[in-house]
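All residue numbers refer to positions in the sequence shown, counting from 1.
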Amino acid sequence: MIFAYNRLLLSRVIAEPASRSLLRGAGFSEPGRLDRVLEELRDRFNGEAFPHEIGVLLGYPADDVERFIHDGGKGAAITGDWRAYGDVVTARRAFERNRAARAIAANLILSGTPLPEMAARLVHRTE
(Lines give C-alpha, C1' and ligand atoms only; values in the text may rest on other atoms or scores of the structure.)
Protein backbone atom coordinates (compact mmCIF):
# COMPACT_ATOMS: atom_id res chain seq x y z
CA MET A 1 0.00 0.00 0.00
CA ILE A 2 1.20 3.48 -0.82
CA PHE A 3 -0.15 6.41 1.15
CA ALA A 4 0.58 9.67 -0.67
CA TYR A 5 -0.42 12.77 1.23
CA ASN A 6 -0.03 16.51 1.50
CA ARG A 7 1.71 17.16 4.82
CA LEU A 8 -0.06 20.48 5.46
CA LEU A 9 -3.53 19.12 4.70
CA LEU A 10 -3.01 15.97 6.74
CA SER A 11 -1.67 18.03 9.66
CA ARG A 12 -4.91 20.02 9.54
CA VAL A 13 -6.94 16.81 9.62
CA ILE A 14 -5.24 15.48 12.75
CA ALA A 15 -5.52 18.93 14.38
CA GLU A 16 -9.32 18.65 14.28
CA PRO A 17 -10.62 17.78 17.75
CA ALA A 18 -12.81 14.91 16.47
CA SER A 19 -9.91 13.34 14.56
CA ARG A 20 -7.52 13.71 17.47
CA SER A 21 -10.07 12.23 19.85
CA LEU A 22 -10.63 9.22 17.58
CA LEU A 23 -6.89 8.62 17.20
CA ARG A 24 -6.35 8.96 20.94
CA GLY A 25 -9.22 6.53 21.59
CA ALA A 26 -7.68 4.09 19.09
CA GLY A 27 -4.49 4.10 21.15
CA PHE A 28 -2.23 6.47 19.21
CA SER A 29 0.35 7.80 21.65
CA GLU A 30 0.63 11.31 20.19
CA PRO A 31 -2.44 11.95 18.00
CA GLY A 32 -1.44 15.56 17.34
CA ARG A 33 1.99 14.76 15.86
CA LEU A 34 1.79 13.73 12.22
CA ASP A 35 5.12 11.88 12.15
CA ARG A 36 4.14 9.75 15.16
CA VAL A 37 0.66 9.06 13.77
CA LEU A 38 2.14 7.88 10.46
CA GLU A 39 4.75 5.72 12.22
CA GLU A 40 2.14 4.09 14.42
CA LEU A 41 -0.20 3.61 11.47
CA ARG A 42 2.58 1.87 9.53
CA ASP A 43 3.18 -0.41 12.51
CA ARG A 44 -0.53 -1.22 12.70
CA PHE A 45 -0.52 -2.34 9.08
CA ASN A 46 2.02 -4.95 10.14
CA GLY A 47 -0.39 -6.29 12.75
CA GLU A 48 -3.22 -8.77 12.40
CA ALA A 49 -6.18 -6.35 12.32
CA PHE A 50 -6.81 -3.70 9.67
CA PRO A 51 -6.39 -0.20 11.16
CA HIS A 52 -9.79 1.31 10.29
CA GLU A 53 -8.75 4.58 11.95
CA ILE A 54 -6.92 5.34 8.69
CA GLY A 55 -10.34 6.56 7.54
CA VAL A 56 -9.83 9.94 9.23
CA LEU A 57 -6.50 10.33 7.42
CA LEU A 58 -8.28 9.58 4.15
CA GLY A 59 -10.73 12.41 4.85
CA TYR A 60 -13.69 10.40 6.10
CA PRO A 61 -15.69 12.10 8.87
CA ALA A 62 -14.39 11.04 12.28
CA ASP A 63 -17.91 10.25 13.48
CA ASP A 64 -18.40 7.83 10.58
CA VAL A 65 -15.06 6.13 11.22
CA GLU A 66 -15.83 5.81 14.91
CA ARG A 67 -19.30 4.37 14.24
CA PHE A 68 -17.86 1.93 11.68
CA ILE A 69 -15.31 0.67 14.21
CA HIS A 70 -17.90 0.48 17.00
CA ASP A 71 -20.75 -1.04 14.94
CA GLY A 72 -18.62 -3.31 12.79
CA GLY A 73 -19.81 -1.63 9.62
CA LYS A 74 -23.49 -2.26 10.30
CA GLY A 75 -26.33 0.26 10.22
CA ALA A 76 -24.88 2.80 7.79
CA ALA A 77 -27.27 5.37 6.33
CA ILE A 78 -25.46 5.25 2.98
CA THR A 79 -22.52 3.38 1.52
CA GLY A 80 -20.08 4.76 -1.03
CA ASP A 81 -16.36 5.34 -0.56
CA TRP A 82 -17.01 4.61 3.11
CA ARG A 83 -20.02 3.77 5.26
CA ALA A 84 -21.66 7.01 6.32
CA TYR A 85 -23.87 7.09 9.39
CA GLY A 86 -24.79 10.77 9.51
CA ASP A 87 -25.73 13.35 6.91
CA VAL A 88 -26.56 11.49 3.68
CA VAL A 89 -26.52 14.62 1.49
CA THR A 90 -23.05 15.63 2.65
CA ALA A 91 -21.80 12.06 2.21
CA ARG A 92 -23.16 11.89 -1.36
CA ARG A 93 -21.39 15.14 -2.22
CA ALA A 94 -18.13 13.80 -0.78
CA PHE A 95 -18.53 10.52 -2.71
CA GLU A 96 -18.98 12.53 -5.93
CA ARG A 97 -15.92 14.71 -5.22
CA ASN A 98 -13.88 11.55 -4.57
CA ARG A 99 -15.16 9.95 -7.78
CA ALA A 100 -14.14 13.04 -9.75
CA ALA A 101 -10.71 13.11 -8.08
CA ARG A 102 -10.16 9.42 -8.90
CA ALA A 103 -11.00 10.08 -12.56
CA ILE A 104 -8.58 12.99 -12.67
CA ALA A 105 -5.88 10.92 -10.94
CA ALA A 106 -6.35 8.04 -13.38
CA ASN A 107 -5.95 10.38 -16.33
CA LEU A 108 -2.84 11.96 -14.81
CA ILE A 109 -1.31 8.54 -14.13
CA LEU A 110 -2.05 7.35 -17.66
CA SER A 111 -0.48 10.50 -19.09
CA GLY A 112 2.73 9.88 -17.09
CA THR A 113 2.39 12.88 -14.77
CA PRO A 114 5.00 12.76 -11.96
CA LEU A 115 3.53 12.12 -8.50
CA PRO A 116 4.37 15.57 -7.00
CA GLU A 117 2.73 17.36 -9.92
CA MET A 118 -0.24 15.01 -9.79
CA ALA A 119 -0.71 15.65 -6.07
CA ALA A 120 -0.59 19.42 -6.59
CA ARG A 121 -3.18 19.25 -9.35
CA LEU A 122 -5.51 17.06 -7.33
CA VAL A 123 -5.35 19.30 -4.25
CA HIS A 124 -6.30 22.37 -6.27
CA ARG A 125 -9.12 20.63 -8.14
CA THR A 126 -10.76 19.03 -5.12
CA GLU A 127 -10.66 21.90 -2.62
Side-chain angles (χ1 to χ4, degrees):
M1 177 180 286
I2 297 173
F3 182 59
Y5 61 93
N6 176 297
R7 186 170 197 74
L8 178 61
L9 294 177
L10 198 54
S11 293
R12 288 179 188 162
V13 167
I14 67 167
E16 294 173 9
S19 297
R20 189 175 298 155
S21 175
L22 182 141
L23 293 170
R24 184 177 296 110
F28 283 76
S29 64
E30 298 178 70
R33 287 193 49 217
L34 182 57
D35 291 339
R36 289 292 301 144
V37 168
L38 292 173
E39 287 172 15
E40 290 181 40
L41 184 65
R42 181 198 63 219
D43 293 344
R44 288 168 186 234
F45 270 103
N46 293 326
E48 292 183 24
F50 184 86
H52 292 289
E53 56 275 8
I54 192 175
V56 294
L57 303 179
L58 296 173
Y60 305 164
D63 290 342
D64 288 343
V65 175
E66 198 162 20
R67 291 268 313 265
F68 179 87
I69 293 168
H70 182 266
D71 297 343
K74 296 182 175 119
I78 187 172
T79 300
D81 293 339
W82 69 89
R83 290 186 174 111
Y85 294 85
D87 183 353
V88 171
V89 173
T90 300
R92 279 194 180 120
R93 284 188 197 128
F95 296 162
E96 181 57 31
R97 279 193 314 273
N98 288 354
R99 187 205 58 74
R102 277 193 304 275
I104 292 166
N107 287 330
L108 292 171
I109 289 168
L110 292 173
S111 70
T113 304
L115 184 59
E117 183 182 338
M118 185 171 72
R121 286 186 184 182
L122 286 171
V123 166
H124 294 301
R125 290 199 130 165
T126 59
E127 288 183 318

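Taking every heavy atom of both residues into account, S11 and L34 meet most closely at OG-CD2, 3.5 Å. Among all heavy-atom pairs drawn from G86 and A77, the shortest one is O-CB, 4.2 Å.
Remark: E16 CD to L23 CG distance equals 10.5 Å, nearest 0.5 Å. Rounding to the nearest 0.5 angstrom, the gap separating the CZ atom in F68 from the CG atom in D64 is 11.0 Å. Separating the CG atom in L58 from the CG atom in D81 is a distance of 10.0 Å, to the nearest 0.5 Å. If you take CZ on F3 and CD1 on I54, they are separated by 5.5 Å, rounding to the nearest 0.5 Å. The structure places CG of L22 at 7.0 Å from CD of E53, a figure rounded to the nearest 0.5 Å. A distance of 11.5 Å separates CZ in R36 from CD1 in I14, rounded to the nearest 0.5 Å.
Within 6.0 Å of the CZ atom in R92, the count of heavy atoms belonging to other residues, nucleotides or ligands does not exceed 12.
In this structure, the salt bridge (charged side-chain N to carboxylate O under 4.0 Å, His left out) partners of R99, at least two apart in sequence or on a different chain, are E96.
Transitive grouping of hydrophobic side chains (ILVMFWY, heavy atoms separated by less than 4.5 Å) keeps V88 and Y85 in distinct clusters. Residues F50 and Y60 share a hydrophobic cluster, clusters being chains of Ile/Leu/Val/Met/Phe/Trp/Tyr side chains in contact below 4.5 Å.
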